[in-house]
Colleague: 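Pasting in a structure now, in C-alpha coordinates, and then I'll have a few things to ask.
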Amino acid sequence: MPDEIKDIRKLEIKYMIKLLPVFRRFLRDRKKSKKSEEYDYLIEKNGRKAVNVFIELGPTFIKLGQVLSARPDLLPKEYLKAFEDLQDNVPPDDFTLARKIIEKNVGRIEENFEQFNENAISGASLGQVYIARYKNRDAVVKVNRYNITYILQRDLIIIKRLLRLFKRFIDNYLYISISSVISDFSVRIYDEANYFIEAENLRRIKSNISKYGIIIPEIFFVSREVIILEYLPGIKITDVKGLKEAGIDTKKLAYKLDLTFIRMLLRNDIFHADPHPGNIAVTSQGSIILYDFGMVGKLDDKTRFSLLKLYDGLITKDPDIIIDSLLELNALSPAANRGIIRKAIELSIANLSGRNVNEMDISELLEIANNVIFEFPFHLPRELVLYMRMSSLLEGICKTLDPNFKFVLVLQEILYNEGMLNELYRKELSDFISKSVISIEKGLDVLPLLKRRLEEQTDAVNQKNNKIPVTIFLSAILISLFIFSHNYPVIAYPLMVLDIIFFIIYIKK
(Lines give C-alpha, C1' and ligand atoms only; values in the text may rest on other atoms or scores of the structure.)
Protein backbone atom coordinates (compact mmCIF):
# COMPACT_ATOMS: atom_id res chain seq x y z
CA MET A 1 0.00 0.00 0.00
CA PRO A 2 2.77 2.56 0.83
CA ASP A 3 4.37 1.78 -2.57
CA GLU A 4 1.06 2.44 -4.32
CA ILE A 5 0.67 5.79 -2.51
CA LYS A 6 4.23 6.68 -3.47
CA ASP A 7 3.51 5.72 -7.07
CA ILE A 8 0.38 7.89 -7.12
CA ARG A 9 2.24 10.90 -5.70
CA LYS A 10 5.01 10.61 -8.31
CA LEU A 11 2.48 10.38 -11.09
CA GLU A 12 0.53 13.30 -9.65
CA ILE A 13 3.60 15.52 -9.99
CA LYS A 14 4.22 14.25 -13.53
CA TYR A 15 0.60 14.81 -14.56
CA MET A 16 0.59 18.30 -13.04
CA ILE A 17 3.72 19.31 -14.96
CA LYS A 18 2.14 18.05 -18.20
CA LEU A 19 -1.38 19.35 -17.64
CA LEU A 20 -0.87 22.77 -16.07
CA PRO A 21 0.27 24.45 -19.33
CA VAL A 22 -2.60 22.73 -21.18
CA PHE A 23 -5.10 23.96 -18.60
CA ARG A 24 -3.83 27.55 -18.69
CA ARG A 25 -3.98 27.67 -22.50
CA PHE A 26 -7.48 26.18 -22.37
CA LEU A 27 -8.79 28.88 -20.00
CA ARG A 28 -7.23 31.64 -22.10
CA ASP A 29 -8.52 30.16 -25.38
CA ARG A 30 -12.01 29.62 -23.94
CA LYS A 31 -12.34 33.30 -23.05
CA LYS A 32 -10.93 34.35 -26.41
CA SER A 33 -13.32 32.07 -28.32
CA LYS A 34 -16.33 33.42 -26.40
CA LYS A 35 -15.49 36.95 -27.54
CA SER A 36 -15.14 36.13 -31.22
CA GLU A 37 -17.31 34.33 -33.80
CA GLU A 38 -14.30 33.82 -36.09
CA TYR A 39 -12.56 30.43 -36.22
CA ASP A 40 -9.05 30.76 -34.76
CA TYR A 41 -6.46 28.27 -36.04
CA LEU A 42 -4.02 29.23 -33.27
CA ILE A 43 -6.61 28.03 -30.74
CA GLU A 44 -6.99 24.78 -32.71
CA LYS A 45 -3.20 24.38 -32.56
CA ASN A 46 -3.38 24.62 -28.77
CA GLY A 47 -6.17 22.05 -28.84
CA ARG A 48 -3.91 19.66 -30.73
CA LYS A 49 -1.16 20.19 -28.14
CA ALA A 50 -3.71 19.15 -25.51
CA VAL A 51 -4.58 16.03 -27.53
CA ASN A 52 -0.89 15.04 -27.72
CA VAL A 53 -0.55 15.39 -23.94
CA PHE A 54 -3.66 13.24 -23.37
CA ILE A 55 -2.22 10.53 -25.64
CA GLU A 56 1.10 10.66 -23.79
CA LEU A 57 -0.63 10.28 -20.39
CA GLY A 58 -2.29 7.03 -21.43
CA PRO A 59 -5.59 5.09 -21.48
CA THR A 60 -7.63 7.06 -18.93
CA PHE A 61 -6.83 10.40 -20.54
CA ILE A 62 -7.50 9.11 -24.06
CA LYS A 63 -10.97 8.00 -22.98
CA LEU A 64 -11.55 11.27 -21.11
CA GLY A 65 -10.49 13.20 -24.22
CA GLN A 66 -13.01 11.28 -26.29
CA VAL A 67 -15.75 12.33 -23.87
CA LEU A 68 -14.61 15.96 -24.00
CA SER A 69 -14.63 15.88 -27.82
CA ALA A 70 -18.44 16.07 -27.65
CA ARG A 71 -18.75 18.79 -25.02
CA PRO A 72 -19.57 22.11 -26.76
CA ASP A 73 -20.57 23.50 -23.36
CA LEU A 74 -16.95 23.15 -22.15
CA LEU A 75 -14.62 23.28 -25.13
CA PRO A 76 -14.39 26.03 -27.75
CA LYS A 77 -15.15 24.92 -31.31
CA GLU A 78 -11.45 24.87 -32.21
CA TYR A 79 -10.70 22.39 -29.40
CA LEU A 80 -13.68 20.23 -30.43
CA LYS A 81 -12.15 19.99 -33.90
CA ALA A 82 -8.77 18.96 -32.48
CA PHE A 83 -10.22 16.41 -30.04
CA GLU A 84 -12.27 14.71 -32.79
CA ASP A 85 -9.06 13.03 -33.94
CA LEU A 86 -8.41 11.40 -30.56
CA GLN A 87 -8.90 7.72 -31.41
CA ASP A 88 -8.29 4.48 -29.53
CA ASN A 89 -4.91 3.73 -31.11
CA VAL A 90 -2.48 2.62 -28.41
CA PRO A 91 0.33 0.01 -28.63
CA PRO A 92 -0.86 -3.31 -27.15
CA ASP A 93 0.48 -4.83 -23.95
CA ASP A 94 3.29 -7.35 -24.16
CA PHE A 95 1.67 -10.72 -24.90
CA THR A 96 2.99 -12.27 -21.68
CA LEU A 97 0.66 -9.90 -19.79
CA ALA A 98 -2.30 -10.61 -22.09
CA ARG A 99 -1.70 -14.36 -21.74
CA LYS A 100 -2.11 -14.14 -17.95
CA ILE A 101 -5.57 -12.58 -18.34
CA ILE A 102 -6.68 -14.99 -21.10
CA GLU A 103 -5.61 -18.07 -19.16
CA LYS A 104 -7.17 -16.79 -15.93
CA ASN A 105 -10.55 -16.41 -17.69
CA VAL A 106 -10.59 -19.04 -20.49
CA GLY A 107 -7.95 -21.58 -19.49
CA ARG A 108 -4.61 -22.55 -21.00
CA ILE A 109 -4.30 -21.21 -24.54
CA GLU A 110 -2.81 -24.46 -25.91
CA GLU A 111 -5.76 -26.46 -24.52
CA ASN A 112 -8.61 -24.11 -25.51
CA PHE A 113 -7.53 -22.71 -28.89
CA GLU A 114 -6.61 -24.62 -32.04
CA GLN A 115 -4.51 -21.62 -33.11
CA PHE A 116 -3.59 -18.30 -31.51
CA ASN A 117 -1.69 -15.45 -33.14
CA GLU A 118 0.27 -13.71 -30.41
CA ASN A 119 0.63 -10.50 -32.46
CA ALA A 120 -2.31 -8.22 -31.67
CA ILE A 121 -4.17 -6.88 -34.71
CA SER A 122 -5.08 -3.70 -32.82
CA GLY A 123 -4.45 -1.96 -29.53
CA ALA A 124 -7.01 0.22 -27.78
CA SER A 125 -6.83 2.32 -24.65
CA LEU A 126 -8.51 -0.34 -22.49
CA GLY A 127 -7.46 -3.53 -24.26
CA GLN A 128 -6.20 -5.29 -27.38
CA VAL A 129 -7.47 -7.72 -30.00
CA TYR A 130 -6.00 -11.02 -31.24
CA ILE A 131 -6.92 -13.46 -34.02
CA ALA A 132 -7.41 -17.11 -33.01
CA ARG A 133 -9.13 -20.38 -33.84
CA TYR A 134 -11.63 -21.25 -31.10
CA LYS A 135 -13.76 -24.42 -31.14
CA ASN A 136 -13.12 -24.80 -34.88
CA ARG A 137 -14.31 -21.25 -35.58
CA ASP A 138 -12.28 -18.23 -36.66
CA ALA A 139 -12.45 -15.79 -33.76
CA VAL A 140 -11.24 -12.50 -32.36
CA VAL A 141 -10.17 -12.39 -28.75
CA LYS A 142 -10.55 -9.05 -26.96
CA VAL A 143 -8.53 -8.82 -23.77
CA ASN A 144 -8.39 -6.11 -21.14
CA ARG A 145 -5.08 -4.40 -20.54
CA TYR A 146 -3.18 -5.85 -17.62
CA ASN A 147 -4.21 -4.18 -14.36
CA ILE A 148 -6.52 -1.77 -16.21
CA THR A 149 -8.91 -1.40 -13.26
CA TYR A 150 -6.06 -0.25 -11.02
CA ILE A 151 -4.77 2.15 -13.72
CA LEU A 152 -8.23 3.72 -14.07
CA GLN A 153 -8.70 4.02 -10.30
CA ARG A 154 -5.23 5.52 -9.83
CA ASP A 155 -5.59 8.04 -12.66
CA LEU A 156 -9.07 9.11 -11.56
CA ILE A 157 -7.80 9.81 -8.04
CA ILE A 158 -5.07 12.03 -9.51
CA ILE A 159 -7.44 13.78 -11.93
CA LYS A 160 -9.85 14.68 -9.10
CA ARG A 161 -6.99 15.97 -6.93
CA LEU A 162 -5.62 18.11 -9.76
CA LEU A 163 -9.06 19.51 -10.48
CA ARG A 164 -9.34 20.66 -6.86
CA LEU A 165 -5.91 22.31 -7.17
CA PHE A 166 -6.92 24.06 -10.40
CA LYS A 167 -10.20 25.25 -8.89
CA ARG A 168 -8.70 28.61 -7.89
CA PHE A 169 -8.07 29.46 -11.56
CA ILE A 170 -11.62 28.93 -12.86
CA ASP A 171 -15.08 30.31 -12.24
CA ASN A 172 -17.52 28.32 -10.14
CA TYR A 173 -19.78 27.32 -13.04
CA LEU A 174 -16.94 25.84 -15.09
CA TYR A 175 -15.62 23.98 -12.04
CA ILE A 176 -19.04 22.43 -11.38
CA SER A 177 -19.40 21.43 -15.06
CA ILE A 178 -15.97 19.82 -15.26
CA SER A 179 -16.53 18.06 -11.91
CA SER A 180 -19.81 16.68 -13.21
CA VAL A 181 -18.10 15.34 -16.35
CA ILE A 182 -15.36 13.68 -14.26
CA SER A 183 -17.91 12.15 -11.86
CA ASP A 184 -19.96 10.67 -14.69
CA PHE A 185 -16.81 9.49 -16.48
CA SER A 186 -15.58 7.84 -13.25
CA VAL A 187 -18.66 5.61 -13.23
CA ARG A 188 -19.07 4.91 -16.94
CA ILE A 189 -15.47 4.10 -17.81
CA TYR A 190 -15.62 0.84 -15.85
CA ASP A 191 -18.56 -0.29 -17.98
CA GLU A 192 -16.35 -0.13 -21.06
CA ALA A 193 -13.79 -2.35 -19.37
CA ASN A 194 -16.49 -4.92 -18.49
CA TYR A 195 -17.15 -7.33 -21.38
CA PHE A 196 -20.34 -8.67 -19.76
CA ILE A 197 -21.86 -5.22 -20.38
CA GLU A 198 -20.47 -5.04 -23.92
CA ALA A 199 -21.97 -8.45 -24.70
CA GLU A 200 -25.40 -7.31 -23.54
CA ASN A 201 -25.11 -4.14 -25.63
CA LEU A 202 -24.18 -6.23 -28.66
CA ARG A 203 -27.17 -8.56 -28.24
CA ARG A 204 -29.65 -5.68 -27.93
CA ILE A 205 -28.33 -3.78 -30.94
CA LYS A 206 -28.15 -6.97 -33.02
CA SER A 207 -31.78 -7.73 -32.21
CA ASN A 208 -32.79 -4.21 -33.30
CA ILE A 209 -30.88 -3.76 -36.56
CA SER A 210 -30.14 -7.18 -38.07
CA LYS A 211 -33.40 -6.83 -40.06
CA TYR A 212 -31.74 -3.98 -41.99
CA GLY A 213 -29.00 -6.29 -43.26
CA ILE A 214 -26.34 -5.10 -40.79
CA ILE A 215 -23.90 -7.81 -39.72
CA ILE A 216 -22.84 -8.11 -36.06
CA PRO A 217 -20.50 -10.83 -34.73
CA GLU A 218 -21.69 -13.82 -32.74
CA ILE A 219 -20.46 -14.16 -29.15
CA PHE A 220 -18.55 -17.40 -28.42
CA PHE A 221 -17.39 -16.67 -24.87
CA VAL A 222 -17.58 -13.78 -22.43
CA SER A 223 -16.19 -12.93 -19.00
CA ARG A 224 -15.49 -9.61 -17.35
CA GLU A 225 -11.96 -9.39 -18.79
CA VAL A 226 -12.17 -11.40 -22.05
CA ILE A 227 -14.68 -11.68 -24.86
CA ILE A 228 -14.34 -14.07 -27.82
CA LEU A 229 -16.31 -13.14 -30.94
CA GLU A 230 -16.90 -14.46 -34.42
CA TYR A 231 -14.17 -13.25 -36.79
CA LEU A 232 -15.79 -11.15 -39.50
CA PRO A 233 -13.13 -9.54 -41.71
CA GLY A 234 -14.07 -6.81 -44.15
CA ILE A 235 -12.92 -3.74 -46.02
CA LYS A 236 -12.32 -0.79 -43.71
CA ILE A 237 -15.15 1.72 -44.08
CA THR A 238 -12.77 4.56 -45.00
CA ASP A 239 -10.81 2.52 -47.56
CA VAL A 240 -12.55 4.18 -50.52
CA LYS A 241 -10.16 2.68 -53.06
CA GLY A 242 -10.67 -0.86 -51.74
CA LEU A 243 -14.45 -0.40 -51.66
CA LYS A 244 -14.57 0.81 -55.25
CA GLU A 245 -12.31 -2.03 -56.41
CA ALA A 246 -14.86 -4.42 -54.85
CA GLY A 247 -17.58 -2.75 -56.96
CA ILE A 248 -19.30 -1.06 -54.01
CA ASP A 249 -21.17 2.22 -54.58
CA THR A 250 -19.68 4.43 -51.86
CA LYS A 251 -22.45 7.04 -52.17
CA LYS A 252 -25.15 4.45 -51.47
CA LEU A 253 -22.98 3.02 -48.69
CA ALA A 254 -22.72 6.43 -46.99
CA TYR A 255 -26.49 6.84 -47.18
CA LYS A 256 -27.14 3.34 -45.79
CA LEU A 257 -24.61 3.78 -42.98
CA ASP A 258 -26.06 7.07 -41.80
CA LEU A 259 -29.63 5.79 -42.09
CA THR A 260 -28.70 2.78 -39.94
CA PHE A 261 -27.37 4.96 -37.12
CA ILE A 262 -30.25 7.45 -37.31
CA ARG A 263 -32.68 4.51 -37.07
CA MET A 264 -30.83 3.27 -33.98
CA LEU A 265 -31.04 6.74 -32.50
CA LEU A 266 -34.67 7.57 -33.27
CA ARG A 267 -36.33 4.15 -33.30
CA ASN A 268 -34.48 1.88 -30.89
CA ASP A 269 -33.77 1.84 -27.17
CA ILE A 270 -29.98 1.79 -27.64
CA PHE A 271 -27.47 3.12 -30.18
CA HIS A 272 -23.81 2.50 -31.02
CA ALA A 273 -22.05 5.68 -29.85
CA ASP A 274 -18.53 5.09 -31.16
CA PRO A 275 -18.65 4.77 -34.99
CA HIS A 276 -15.00 5.58 -35.68
CA PRO A 277 -13.47 3.93 -38.80
CA GLY A 278 -11.88 1.08 -36.82
CA ASN A 279 -15.32 -0.09 -35.66
CA ILE A 280 -16.98 -0.38 -39.08
CA ALA A 281 -16.15 -2.61 -42.06
CA VAL A 282 -17.88 -3.71 -45.26
CA THR A 283 -18.13 -7.17 -46.85
CA SER A 284 -17.23 -7.66 -50.51
CA GLN A 285 -21.00 -7.79 -51.18
CA GLY A 286 -21.50 -4.35 -49.61
CA SER A 287 -23.01 -5.35 -46.24
CA ILE A 288 -22.02 -3.24 -43.23
CA ILE A 289 -20.26 -4.93 -40.27
CA LEU A 290 -20.24 -3.27 -36.85
CA TYR A 291 -17.68 -3.97 -34.12
CA ASP A 292 -17.05 -2.82 -30.52
CA PHE A 293 -20.14 -2.17 -28.40
CA GLY A 294 -18.48 -0.82 -25.28
CA MET A 295 -19.68 2.77 -25.78
CA VAL A 296 -23.45 3.00 -26.31
CA GLY A 297 -26.19 5.55 -25.68
CA LYS A 298 -29.82 5.17 -24.63
CA LEU A 299 -32.48 7.79 -25.34
CA ASP A 300 -35.90 7.82 -23.71
CA ASP A 301 -38.96 8.88 -25.74
CA LYS A 302 -38.99 12.40 -24.28
CA THR A 303 -35.36 13.05 -25.30
CA ARG A 304 -35.88 11.44 -28.69
CA PHE A 305 -38.86 13.66 -29.56
CA SER A 306 -37.09 16.76 -28.20
CA LEU A 307 -34.20 15.92 -30.52
CA LEU A 308 -36.61 15.65 -33.44
CA LYS A 309 -37.97 19.09 -32.57
CA LEU A 310 -34.43 20.44 -32.49
CA TYR A 311 -33.84 19.03 -35.98
CA ASP A 312 -37.07 20.66 -37.12
CA GLY A 313 -36.01 24.01 -35.66
CA LEU A 314 -32.52 23.82 -37.17
CA ILE A 315 -33.83 22.86 -40.61
CA THR A 316 -36.52 25.56 -40.62
CA LYS A 317 -34.08 28.03 -38.96
CA ASP A 318 -36.64 28.85 -36.26
CA PRO A 319 -34.86 30.32 -33.18
CA ASP A 320 -37.83 29.76 -30.85
CA ILE A 321 -38.13 26.05 -31.67
CA ILE A 322 -34.35 25.69 -31.25
CA ILE A 323 -34.47 27.36 -27.81
CA ASP A 324 -37.49 25.30 -26.68
CA SER A 325 -35.82 22.09 -27.80
CA LEU A 326 -32.52 22.90 -26.07
CA LEU A 327 -34.44 23.68 -22.88
CA GLU A 328 -36.35 20.39 -23.12
CA LEU A 329 -33.04 18.56 -23.65
CA ASN A 330 -31.59 20.29 -20.56
CA ALA A 331 -28.86 21.72 -22.77
CA LEU A 332 -29.69 25.25 -21.55
CA SER A 333 -30.54 26.61 -18.13
CA PRO A 334 -34.19 27.71 -17.75
CA ALA A 335 -32.82 30.82 -16.02
CA ALA A 336 -30.90 31.92 -19.13
CA ASN A 337 -32.03 35.14 -20.84
CA ARG A 338 -34.22 34.01 -23.73
CA GLY A 339 -33.92 37.30 -25.60
CA ILE A 340 -30.12 37.21 -25.59
CA ILE A 341 -30.09 33.52 -26.59
CA ARG A 342 -32.47 34.26 -29.46
CA LYS A 343 -30.12 36.96 -30.78
CA ALA A 344 -27.17 34.54 -30.58
CA ILE A 345 -29.09 31.93 -32.58
CA GLU A 346 -30.18 34.48 -35.17
CA LEU A 347 -26.55 35.52 -35.58
CA SER A 348 -25.49 31.89 -36.15
CA ILE A 349 -28.37 31.33 -38.58
CA ALA A 350 -27.40 34.48 -40.50
CA ASN A 351 -24.16 32.74 -41.46
CA LEU A 352 -26.26 30.13 -43.29
CA SER A 353 -28.50 32.66 -45.02
CA GLY A 354 -29.35 31.85 -48.59
CA ARG A 355 -28.42 28.19 -48.15
CA ASN A 356 -30.92 25.52 -49.12
CA VAL A 357 -31.71 23.15 -46.26
CA ASN A 358 -30.70 20.15 -48.37
CA GLU A 359 -27.23 21.67 -48.81
CA MET A 360 -26.45 21.85 -45.09
CA ASP A 361 -24.32 19.37 -43.15
CA ILE A 362 -25.08 18.04 -39.68
CA SER A 363 -21.91 19.80 -38.49
CA GLU A 364 -23.29 23.13 -39.73
CA LEU A 365 -26.67 22.55 -38.13
CA LEU A 366 -25.20 21.42 -34.83
CA GLU A 367 -22.75 24.32 -34.86
CA ILE A 368 -25.72 26.64 -34.34
CA ALA A 369 -26.74 24.66 -31.24
CA ASN A 370 -23.10 24.28 -30.12
CA ASN A 371 -22.48 28.03 -30.27
CA VAL A 372 -25.52 28.70 -28.09
CA ILE A 373 -24.61 25.95 -25.59
CA PHE A 374 -21.04 27.27 -25.33
CA GLU A 375 -22.23 30.87 -24.84
CA PHE A 376 -25.04 30.02 -22.39
CA PRO A 377 -23.87 26.72 -20.88
CA PHE A 378 -25.76 24.22 -18.80
CA HIS A 379 -24.90 20.66 -17.79
CA LEU A 380 -25.43 18.49 -20.87
CA PRO A 381 -27.04 15.07 -20.25
CA ARG A 382 -24.64 12.21 -20.99
CA GLU A 383 -26.87 10.63 -23.65
CA LEU A 384 -27.03 13.91 -25.57
CA VAL A 385 -23.22 14.13 -25.40
CA LEU A 386 -22.91 10.61 -26.81
CA TYR A 387 -25.34 11.48 -29.60
CA MET A 388 -23.31 14.56 -30.54
CA ARG A 389 -20.11 12.50 -30.59
CA MET A 390 -21.76 9.81 -32.70
CA SER A 391 -23.10 12.35 -35.23
CA SER A 392 -19.73 14.04 -35.61
CA LEU A 393 -17.80 10.78 -36.17
CA LEU A 394 -20.43 9.44 -38.52
CA GLU A 395 -20.54 12.51 -40.74
CA GLY A 396 -16.75 12.39 -41.10
CA ILE A 397 -16.97 8.81 -42.42
CA CYS A 398 -19.88 9.60 -44.73
CA LYS A 399 -18.01 12.62 -46.15
CA THR A 400 -15.03 10.34 -46.86
CA LEU A 401 -17.29 7.95 -48.77
CA ASP A 402 -19.21 10.71 -50.53
CA PRO A 403 -17.81 14.28 -50.46
CA ASN A 404 -21.29 15.56 -51.41
CA PHE A 405 -23.08 13.65 -48.64
CA LYS A 406 -25.89 15.58 -46.93
CA PHE A 407 -27.22 14.41 -43.58
CA VAL A 408 -30.50 16.28 -44.06
CA LEU A 409 -31.51 13.97 -46.93
CA VAL A 410 -31.15 10.94 -44.64
CA LEU A 411 -33.11 12.71 -41.93
CA GLN A 412 -35.90 13.48 -44.41
CA GLU A 413 -36.03 9.79 -45.35
CA ILE A 414 -36.71 8.66 -41.78
CA LEU A 415 -38.97 11.62 -41.00
CA TYR A 416 -41.21 11.42 -44.04
CA ASN A 417 -40.88 8.00 -45.69
CA GLU A 418 -40.60 6.04 -42.43
CA GLY A 419 -43.25 8.02 -40.54
CA MET A 420 -41.24 9.59 -37.72
CA LEU A 421 -42.72 13.02 -38.45
CA ASN A 422 -46.26 11.66 -38.04
CA GLU A 423 -45.21 10.12 -34.73
CA LEU A 424 -43.85 13.49 -33.65
CA TYR A 425 -47.11 15.24 -34.57
CA ARG A 426 -49.14 12.62 -32.69
CA LYS A 427 -46.86 13.03 -29.67
CA GLU A 428 -47.19 16.83 -29.76
CA LEU A 429 -50.98 16.57 -30.13
CA SER A 430 -51.12 14.16 -27.19
CA ASP A 431 -48.94 16.48 -25.08
CA PHE A 432 -51.06 19.46 -26.08
CA ILE A 433 -54.30 17.75 -25.10
CA SER A 434 -52.84 16.52 -21.79
CA LYS A 435 -51.53 19.96 -20.85
CA SER A 436 -54.76 21.63 -21.93
CA VAL A 437 -56.83 19.25 -19.81
CA ILE A 438 -54.61 19.97 -16.80
CA SER A 439 -54.96 23.73 -17.36
CA ILE A 440 -58.73 23.46 -17.72
CA GLU A 441 -58.96 21.29 -14.59
CA LYS A 442 -57.04 23.93 -12.66
CA GLY A 443 -59.42 26.56 -14.01
CA LEU A 444 -62.44 24.48 -12.95
CA ASP A 445 -61.01 24.19 -9.42
CA VAL A 446 -61.48 27.95 -9.10
CA LEU A 447 -65.17 27.92 -10.16
CA PRO A 448 -66.68 26.64 -6.83
CA LEU A 449 -64.90 29.46 -4.99
CA LEU A 450 -66.19 31.98 -7.50
CA LYS A 451 -69.68 30.53 -7.27
CA ARG A 452 -69.67 30.79 -3.47
CA ARG A 453 -68.49 34.39 -3.68
CA LEU A 454 -71.18 35.26 -6.20
CA GLU A 455 -73.93 33.70 -4.05
CA GLU A 456 -73.03 36.15 -1.30
CA GLN A 457 -73.92 39.06 -3.55
CA THR A 458 -77.38 40.54 -3.80
CA ASP A 459 -79.93 38.98 -6.10
CA ALA A 460 -79.68 41.98 -8.36
CA VAL A 461 -75.96 41.75 -8.67
CA ASN A 462 -76.19 38.00 -9.17
CA GLN A 463 -78.79 38.54 -11.87
CA LYS A 464 -76.45 40.89 -13.62
CA ASN A 465 -73.36 38.73 -13.33
CA ASN A 466 -74.70 35.20 -13.78
CA LYS A 467 -72.56 34.81 -16.89
CA ILE A 468 -69.29 35.35 -15.05
CA PRO A 469 -68.37 31.67 -14.35
CA VAL A 470 -68.83 30.65 -17.96
CA THR A 471 -66.92 33.67 -19.29
CA ILE A 472 -64.08 32.96 -16.85
CA PHE A 473 -64.08 29.36 -17.99
CA LEU A 474 -63.88 30.40 -21.68
CA SER A 475 -61.19 32.94 -20.83
CA ALA A 476 -59.14 30.28 -19.03
CA ILE A 477 -59.31 28.07 -22.12
CA LEU A 478 -58.27 31.00 -24.31
CA ILE A 479 -55.27 31.75 -22.10
CA SER A 480 -54.24 28.06 -22.15
CA LEU A 481 -54.49 27.98 -25.93
CA PHE A 482 -52.46 31.16 -26.21
CA ILE A 483 -49.70 29.69 -24.02
CA PHE A 484 -49.49 26.54 -26.11
CA SER A 485 -49.89 28.28 -29.49
CA HIS A 486 -46.14 28.88 -29.65
CA ASN A 487 -45.35 25.16 -29.80
CA TYR A 488 -48.60 23.96 -31.42
CA PRO A 489 -49.74 26.76 -33.76
CA VAL A 490 -51.57 24.51 -36.24
CA ILE A 491 -53.79 23.10 -33.50
CA ALA A 492 -54.03 26.07 -31.14
CA TYR A 493 -54.99 28.93 -33.47
CA PRO A 494 -58.19 27.35 -34.88
CA LEU A 495 -59.28 26.42 -31.35
CA MET A 496 -58.58 29.98 -30.17
CA VAL A 497 -60.82 31.33 -32.93
CA LEU A 498 -63.62 28.93 -31.92
CA ASP A 499 -63.21 29.89 -28.26
CA ILE A 500 -63.50 33.61 -29.08
CA ILE A 501 -66.61 33.00 -31.21
CA PHE A 502 -68.30 31.10 -28.34
CA PHE A 503 -67.27 33.86 -25.94
CA ILE A 504 -68.85 36.60 -28.12
CA ILE A 505 -72.06 34.60 -28.73
CA TYR A 506 -72.49 33.91 -25.01
CA ILE A 507 -71.89 37.53 -23.99
CA LYS A 508 -74.48 38.76 -26.49
CA LYS A 509 -77.18 36.40 -25.22
Side-chain angles (χ1 to χ4, degrees), residues 72-73 262 265-266 299-378 380-381 383-385 387-388 391 406-416 419-436 439 480-496:
D73 55 329
I262 294 299
L265 180 76
L266 297 179
L299 297 184
D300 56 29
D301 285 340
K302 180 180 180 297
T303 304
R304 189 177 291 115
F305 282 108
S306 296
L307 195 56
L308 274 174
K309 282 179 68 176
L310 177 60
Y311 280 143
D312 184 42
L314 291 168
I315 290 172
T316 58
K317 301 179 185 178
D318 187 319
D320 292 310
I321 293 179
I322 293 171
I323 294 170
D324 289 341
S325 302
L326 291 174
L327 287 168
E328 288 174 13
L329 290 165
N330 288 328
L332 286 176
S333 169
N337 188 310
R338 189 181 182 101
I340 297 175
I341 294 174
R342 197 178 196 285
K343 288 179 181 178
I345 293 175
E346 287 171 346
L347 187 62
S348 296
I349 289 174
N351 295 328
L352 301 174
S353 60
R355 299 279 303 282
N356 186 292
V357 168
N358 292 344
E359 296 174 354
M360 289 189 280
D361 299 325
I362 183 63
S363 56
E364 292 176 306
L365 293 172
L366 286 179
E367 188 174 349
I368 298 174
N370 287 353
N371 288 341
V372 176
I373 292 168
F374 183 63
E375 187 68 26
F376 307 96
F378 194 52
L380 284 176
E383 306 306 330
L384 187 57
V385 170
Y387 154 70
M388 296 169 86
S391 298
K406 298 299 173 188
F407 159 80
V408 173
L409 297 178
V410 177
L411 184 61
Q412 287 174 342
E413 165 71 22
I414 199 165
L415 287 181
Y416 297 106
M420 280 299 296
L421 199 61
N422 289 335
E423 291 180 30
L424 175 61
Y425 288 155
R426 284 197 295 270
K427 176 74 165 52
E428 290 203 321
L429 178 59
S430 174
D431 288 348
F432 169 77
I433 292 171
S434 298
K435 289 176 181 177
S436 296
S439 296
S480 299
L481 291 170
F482 180 76
I483 291 169
F484 295 118
S485 65
H486 175 68
N487 291 326
Y488 311 98
V490 176
I491 303 167
Y493 288 138
L495 292 176
M496 287 171 69

Colleague: Only one of Arg338, Arg342, Lys343 clears side chain to side chain contact (heavy atoms under 4.5 Å, CB included) with Pro319; which?
Modeller: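 Result for side chain to side chain contact (heavy atoms under 4.5 Å, CB included) with Pro319: Arg342.
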Colleague: CZ of Phe305 to CG of Asp300: how many Å apart, nearest 0.5 Å?
Modeller: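 So the CZ of Phe305 and the CG of Asp300 are separated by 10.5 Å.
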Colleague: If you measure from CG on Leu329 to CZ on Arg304, what distance do you get to the nearest 0.5 Å?
Modeller: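 It comes to 12.5 Å.
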Colleague: Only one of Asp324, Asp320, Leu326 clears side chain to side chain contact (heavy atoms under 4.5 Å, CB included) with Ile322; which?
Modeller: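 In the set Asp324, Asp320, Leu326, the residue that makes a side chain to side chain contact (heavy atoms under 4.5 Å, CB included) with Ile322 is Leu326.
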Colleague: Taking the basic N atoms (NZ, or NE/NH1/NH2) and the acidic carboxylate oxygens, is any pair closer than 4.0 Å for Lys309 and Asp318?
Modeller: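 The answer is no: the pair does not qualify as a salt bridge.
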Colleague: Supply the atom-to-atom distance Leu307 CG to Tyr387 OH, rounded to the nearest 0.5 angstrom.
Modeller: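 Reported to 0.5 Å precision, the distance equals 5.0 Å.
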